[in-house]
Amino acid sequence: MRDLNALESFVIASETLNFSVAAERRNTVQSAISAHIRKLEEELGCLLFDRGRGRGMALTPEGT
């Protein structure tokens, strides 16, 4: 069963394409959002976001 917190973090992060903004909306810290997304990606066996330092974030085809 998927963690509902992780799914909610994914939905907000996919809408904002920003983990920091998602954290603000969820009243938590950015590292918690990152952990939620990482957990989902591990469970699903695929990347949900294309992300990296210094470049914009986007959903992967699997994330879409």
Side-chain angles (χ1 to χ4, degrees):
M1 182 171 148
R2 301 270 168 0
D3 180 351
L4 291 179
N5 280 325
L7 289 174
E8 186 173 342
S9 293
F10 170 74
V11 169
I12 295 171
S14 68
E15 291 171 349
T16 63
L17 296 178
N18 187 305
F19 287 0
S20 295
V21 173
E24 287 177 21
R25 289 192 184 175
R26 299 227 42 224
N27 197 31
T28 190
V29 293
Q30 182 271 332
S31 60
I33 301 297
S34 293
H36 289 158
I37 300 304
R38 190 170 40 256
K39 179 180 177 181
L40 283 174
E41 289 176 333
E42 287 174 5
E43 286 181 18
L44 297 170
C46 63
L47 291 177
L48 299 173
F49 291 94
D50 181 21
R51 57 196 182 273
R53 295 189 186 274
R55 54 188 169 113
M57 190 166 79
L59 285 167
T60 64
E62 295 82 3
T64 301

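Along the sequence shown, the residues carry numbers beginning at 1.
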Between the side chains of Ser20 and Glu24, does any donor sit under 3.5 Å from an acceptor?
no

Short N-O contact, Arg51 and Glu41, less than 4.0 angstrom
yes

Is there a continuous path of hydrophobic side-chain contacts, each under 4.5 Å between heavy atoms, that joins Leu7 to Phe49?
yes

With hydrophobic residues grouped by side-chain heavy-atom distances under 4.5 Å, do Phe19 and Ile12 end up in a single group?
no

Establish, from distance only, whether the side-chain atoms of Thr16 and Arg25 form a donor-acceptor pair under 3.5 Å.
no

If you compare all heavy atoms of Ile33 against all heavy atoms of Ser9, which two are closest, and at what distance to 0.1 Å?
CD1-OG, 3.4 Å

One should read off an interatomic distance between Thr64 OG1 and Leu48 CG, to the nearest 0.5 angstrom, of 9.5 Å

Tell me, do Phe10 and Leu59 make a side-chain contact under 4.5 Å, heavy atoms counted?
yes

Taking all non-hydrogen atoms of both residues into account, name the closest pair between Met57 and Ala13 and its distance.
CE-O, 4.2 Å

Nearest heavy-atom neighbours spanning Thr60 and Leu47
OG1-O, 2.6 Å

What's the separation between atom CG in Leu44 and atom NZ in Lys39, rounded to the nearest 0.5 Å?
11.5 Å

Nearest heavy-atom pair of Arg26 and Asn5: which atoms, and what distance?
NH1-O, 3.0 Å

Mind checking the CD-CG spacing from Gln30 to Asn18? Nearest 0.5 Å is all I need.
8.5 Å

